[in-house]
Participant: 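Below: one structure in structure tokens.
For reference, positions follow the sequence shown, starting with 1. Nothing here was measured: the structure is a model prediction, and the numbers come from that model.
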Amino acid sequence: MTTLIALAVAVLPGMLLGFVVPPGRHRWAAWAAAPALTLGLTTVAMGWLPKLGLPESASAVLAAELVLAGAAVLACRLGSRGRTDGHGQRAETAHDPGRAFEEDAPPGAPPAGPKWTAPVLSRLGPQSVRRAWADMIGLAVPAVVTVGYGWLLLGRLIAPPGWDGMNHGYFTRRILDTGSATIASACSTGSTESALSCSFYPLATNVSWAQAAELSGGRISTTMTAWSILVGPLALVAGVYAAVRLSGGRPIVAACAALAPTFLGPLWYSVSTGRITQQTGPCIGVGIAVLGALALRGPHPVRLGLLAGLAGAGLVMSHTYDVVVTAVLTVGLLVVIRHSMSLRAVVGGAAAALVGAIAALIPFLGPLTSAKGERASNGPALPGQWSEAFDYWVTDPQRYVLLGFPPPGAAHHDVSLPTIRIGLAITVVCLIASPLCLLFRQLRWARPWLLTGVLFTAVGIWTTSSDSAGAMLLSSLWYGVRERLRSMILPVYGLLAVAGAVAIGLAVQWLATRLVARARALRDSTAPGAVAASVLLLVLGGLAAVPATWHPLRGEFKRRAPVGAQYTDTYRWLAANTPVGKVVAYDRHRQFMTWSYVDHDAPALFGVPPLPTFDLDNYKRRWAAWHWLVNNPEARPAGCEVARFGVEYVVVGGGRAMPGGWQQHYSQARLDATDRVRLVQQFDRIRIYRVTETGRACGTPGD
């Protein structure tokens with residue numbers, strides 16, 4: 001139930017907002033961007049409610065989202081009443097209510113009949129009904145397969161994998177505990193005696209998780225997993241399908257393109273660090289790009305522009321730097337979408353998008369523009385090594401393996417498995433053929449993806465090997481981390497592979513029509529391209545379903561997540577036994593204990609480390625309390641700090657630790673030898689110690 005509520009909270013407000021657009025393809029495009037529109041509404045509410053002195057809890061933000069969406073729909077309905085389109089038709093119904101993702105007819109073609117999703121299917125002719133079913137199946141199949149595969153990889157874990165998953169979980173728990181969706185409430189140093197850790201963090205997604213957890217009474221980790229398995233991947237499927245169909249692709253090809261990122265690219269691996277927004281950001285960005293392109297080239301520039309700007313603001317407040325790729329993809333789609341284009345529409349759509357984005361982001365503009373100075377950026381990974389950078393971004397075969405795992409540059413992984421090698425060979429052949437989309441008219445839908453892939457591969461090479469001011473400035477958007485840039489373009493690999501497969505099919509068709517007399521009937525057929533795309537996805541899907549293919553990535557997730565009953569037993573015990581106002585101390589995220597606070601509300605000593613521009617004293621005092629309690633050699637007497645922060649328990653162990661070289665901040669032998677804590681409970685290898693009076697005694701020299 002928690003999962004379904006998380007999906008509903010993420011999608012329904014945005015879908016309601018889609019009714020500001022008249023029925024037809026543009027409304028379906030808006031619905032494809034529903035999660036982004038919801039995040040835009042969240043951004044407006046979480047920014048303006050505190051400014052207006054209104055309640056600012058997660059549930060209050062959700063209520064405001066629904067009110068804003070309903071008010072926008074009502075305003076559009078009232079504004080449209082009585083207006084015509086110049087041909088005697090009402091503006092609201094001038095465009096065929098049955099049209100969805102069908103491309104525009106070429107000039108001179110007879111008027112098209114009603115198409116998919118007319119209010120009553122019985123009104124449609126047999127051909128339109130077939131088109132309706134083709135599109136519905138074209139969306140349903142990749143959606144079901146993607147969700148099923150996501151559950152195979154990420155389902156059944158106690159909590160999402162990764163270090164940053166616990167950071168995001170902490171933010172979300174703080175939103176619930178404080179009853180405030182503001183950044184200042186969530187970004188704090190700990191559960192008690194909190195101090196501010198940062199002035200800006202994009203928390204729109206965290207607010208959505210808090211809303212779902214509050215409505216369902218379920219765990220925050222469940223809502224986070226729902227986003228990584230359902231919300232993000234489904235948004236990608238819908239956005240890609242809409243983009244391909246609006247750009248001229250047929251239903252089968254669009255379905256294959258929508259499914260391809262499930263098997264090619266880092267869609268799943270991108271959550272291994274715990275940054276679920278690193279996965280969902282690029283996923284929702286596709287739908288935003290579709291809205292943006294339609295706003296600049298379509299009959300509803302103001303309405304679609306406002307929606308695109310609002311959705312873009314939601315992306316900024318979810319995973320900020322993905323707007324760069326979204327902007328490039330918007331330009332590419334603008335060129336290939338077939339629709340009348342006028343200077344008035346371009347100016348109106350762009351102005352409306354700017355107004356929509358700024359209106360949503362005004363409360364955050366100050367912190368947003370200064371946030372870059374708070375975070376350190378890594379330098380280039382391969383300074384001056386252009387050939388090595390080219391190898392990393394272009395020729396490293398691990399860049400193109402199934403599931404995007406192992407990542408490029410990870411030499412300690414084995415890619416010699418037959419399924420991996422076969423999938424890699426097929427993928428590389430298709431990617432080499434993908435530039436043929438510039439020659440085949442039927443592949444114009446792939447050109448924006450080729451532009452995006454080539455441009456950001458060049459950006460990756462440049463920022464990986466250059467320490468120039470321009471390269472450093474650009475890469476600072478993603479803190480100089482190459483894997484983040486790969487995740488930003490995660491749909492590209494799959495879509496270009498499909499484009500290459502279709503290009504190969506079209507090339508074979510072209511040769512056959514000239515060499516074989518009986519094949520000339522296929523000259524204008526779309527079947528060869530559809531067959532080629534289908535065969536590619538069937539082969540890749542079959543290879544990806546082999547356990548030897550997905551088990552390594554599943555194992556990587558398990559290495560980065562709590563696994564076993566000892567963790568849930570510990571979390572429940574701490575939730576039941578931690579007194580009000582007291583906290584639990586542990587070696588921060590290293591041993592997965594933070595989930596005891598996130599999911600079971602056992603308050604934690606350590607929150608988010610303050611950024612360099614903030615006061616570090618509060619966090620240093622927390623570490624002083626930790627070092628004192630675990631009897632570290634460098635510890636100074638800190639009983640006053642233990643009492644000040646209300647430390648009741650110290651938890652260590654489990655036999656597992658977060659991979660990545662995170663330092664251990666205690667010695668088991670020294671902990672067992674101290675009288676500052678006393679062992680009171682043990683679950684397998686996890687030990688729970690209660691702080692003694694000696695541990696919290698205040699007034700000793702140095703306190």
Side-chain angles (χ1 to χ4, degrees), residues 5-21 30-31 33-79 171-187 200-217 220 223 227 231 277 280 284 288 291 303 306-318 352-353 355-368:
I5 290 176
L7 179 62
V9 165
V11 172
L12 290 182
M15 291 195 72
L16 177 61
L17 197 60
F19 284 100
V20 305
V21 184
W31 282 343
L37 291 172
T38 297
L39 291 173
L41 291 169
T42 303
T43 298
V44 173
M46 63 186 283
W48 284 104
L49 288 180
K51 297 285 186 183
L52 299 175
L54 297 173
E56 56 192 45
S57 65
S59 57
V61 169
L62 179 59
E65 292 172 30
L66 297 173
V67 169
L68 287 170
V73 173
L74 179 61
C76 286
R77 288 289 179 267
L78 294 176
F171 287 141
T172 307
R173 173 52 63 185
R174 287 288 296 171
I175 290 170
L176 291 175
D177 283 356
T178 62
S180 172
T182 62
I183 297 170
S185 298
C187 195
F200 176 79
Y201 200 92
L203 291 177
T205 310
N206 301 82
V207 173
S208 180
W209 298 338
Q211 291 167 348
E214 191 169 35
L215 283 177
S216 66
I220 292 172
T223 68
W227 270 70
V231 178
T277 52
T280 55
I284 66 176
I288 299 172
L291 277 182
R303 297 187 189 189
L306 288 171
L307 293 184
L310 181 66
L315 181 59
V316 168
M317 289 301 294
S318 177
V355 169
I358 291 178
L361 292 174
I362 281 178
F364 306 103
L365 286 181
L368 178 60

Participant: Can you check whether Pro202 reaches Phe200 side chain to side chain, under 4.5 Å on heavy atoms?
Facilitator: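 With C-beta onward as the side chain, the pair touches.
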Participant: Is there a side-chain contact between Thr38 and Val11, using heavy atoms and a 4.5 Å cut-off?
Facilitator: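 Answer no - side chains too far apart.
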Participant: CG/Leu39 to CD1/Ile284 distance, rounded to the nearest 0.5 angstrom?
Facilitator: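 Between atom CG of Leu39 and atom CD1 of Ile284 there are 5.0 Å.
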Participant: If you look only at pairs with a residue in residues 176-185, which of them pass as a salt bridge (charged side-chain N to carboxylate O under 4.0 Å, His left out), with sequence neighbours excluded?
Facilitator: Arg173-Asp177
Participant: Looking at residues at least two apart in the chain, or sitting in another chain, which of them share a side-chain contact (heavy atoms from CB on, under 4.5 Å) with Ala308?
Facilitator: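 Partners of Ala308 by the side-chain contact (heavy atoms from CB on, under 4.5 Å) criterion, ordered by chain and then number, come out as Leu291.
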Participant: Please confirm whether the backbone N or O of Val20 pairs with a side-chain atom of Arg303, one donor and one acceptor, at under 3.5 Å?
Facilitator: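 Side chain of Arg303 to backbone of Val20, a donor-acceptor pair under 3.5 Å: yes, one is there.
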Participant: For Ala30 versus Leu37, what's the shortest heavy-atom pair and its separation?
Facilitator: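 Nearest pair, atom of Ala30 first, then Leu37: O-CD1, 3.6 Å.
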Participant: Apply side-chain contact (heavy atoms from CB on, under 4.5 Å) to Leu203 and list each qualifying residue two or more places apart in sequence or on a separate chain.
Facilitator: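 In terms of side-chain contact (heavy atoms from CB on, under 4.5 Å), with neighbours along the sequence ignored, Leu203 is linked to Met46, Phe171, Ile183, Ala186, Tyr201, Asn206.
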Participant: If you round to the nearest 0.5 Å, how far is CG of Leu17 from CG of Leu306?
Facilitator: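 Atom-to-atom, Leu306:CG and Leu17:CG are 9.5 Å apart.
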Participant: How close do Leu62 and Pro13 get, counting heavy atoms only, and between which atoms?
Facilitator: CD1-CG, 4.4 Å
Participant: If I compare all heavy atoms of Ala58 with all of Ile175, which pair ends up nearest, and what's the gap?
Facilitator: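 Ala58 and Ile175 have their closest heavy atoms at CB-CG2, 4.2 Å.
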Participant: For Trp31, what residues pass the ring-ring contact (aromatic ring centres under 6.0 Å, His included) criterion, not counting sequence neighbours?
Facilitator: Phe19, Trp28
Participant: With sequence neighbours excluded, what pairs up with Ser180 under the side chain to side chain donor-acceptor pair (under 3.5 Å) test?
Facilitator: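 With neighbours one apart ignored, the set is Glu56, Thr182, Ser185.
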Participant: At their closest point, which heavy atom of Ala60 faces which heavy atom of Pro55, and how far apart are they?
Facilitator: CB-O, 3.5 Å
Participant: Out of curiosity, Met317 CE to Leu361 CG, how far, rounded to the nearest 0.5 Å?
Facilitator: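 The CG atom of Leu361 is 7.5 Å from CE of Met317, to the nearest 0.5 Å.
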Participant: In chain order, what residues pass the side-chain contact (heavy atoms from CB on, under 4.5 Å) check against Thr280, with sequence neighbours excluded?
Facilitator: Trp227, Ile276, Thr277
Participant: Once side-chain contact (heavy atoms from CB on, under 4.5 Å) is applied, do any residues pair with Ala360, and if so which ones, sequence neighbours excluded?
Facilitator: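 In terms of side-chain contact (heavy atoms from CB on, under 4.5 Å), with neighbours along the sequence ignored, Ala360 is linked to Thr43, Val44, Leu310, Ala313.
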Participant: Using the side chain to side chain donor-acceptor pair (under 3.5 Å) rule, collect all pairs that involve residues 355-364, keeping only residues at least two apart or in two chains.
Facilitator: none
Participant: Could you give the side-chain donor-acceptor pairs of residues 63-76 under 3.5 Å, partners two or more places apart or in another chain?
Facilitator:
from: Glu65; atom 1: OE2; to: Thr42; atom 2: OG1; distance (Å): 2.7
from: Glu65; atom 1: OE2; to: Gln211; atom 2: NE2; distance (Å): 3.0

Participant: Considering all heavy atoms of both residues, which atom of Ala213 and which atom of Thr223 are nearest to each other, and what is their separation?
Facilitator: N-CG2, 3.8 Å
Participant: Holding to side chain to side chain donor-acceptor pair (under 3.5 Å), I want the full list of residues that pass it with Ser59, two or more places apart in sequence or in another chain.
Facilitator: Ser57
Participant: Quick check: closest heavy atoms across Val231 and Pro35, and the distance to 0.1 Å?
Facilitator: CG1-CB, 4.2 Å
Participant: Please enumerate all residues that pass side chain to side chain donor-acceptor pair (under 3.5 Å) together with Thr205, with sequence neighbours excluded.
Facilitator: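 With sequence neighbours excluded, Thr205 shows a side chain to side chain donor-acceptor pair (under 3.5 Å) to Ser318, given in chain and number order.
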Participant: Can you list the residues that meet the side chain to side chain donor-acceptor pair (under 3.5 Å) rule with Ser208, with sequence neighbours excluded?
Facilitator: none
Participant: Evaluate the side-chain proximity of Trp48 to Ile362: yes if any heavy-atom separation is below 4.5 Å, no if none is.
Facilitator: yes
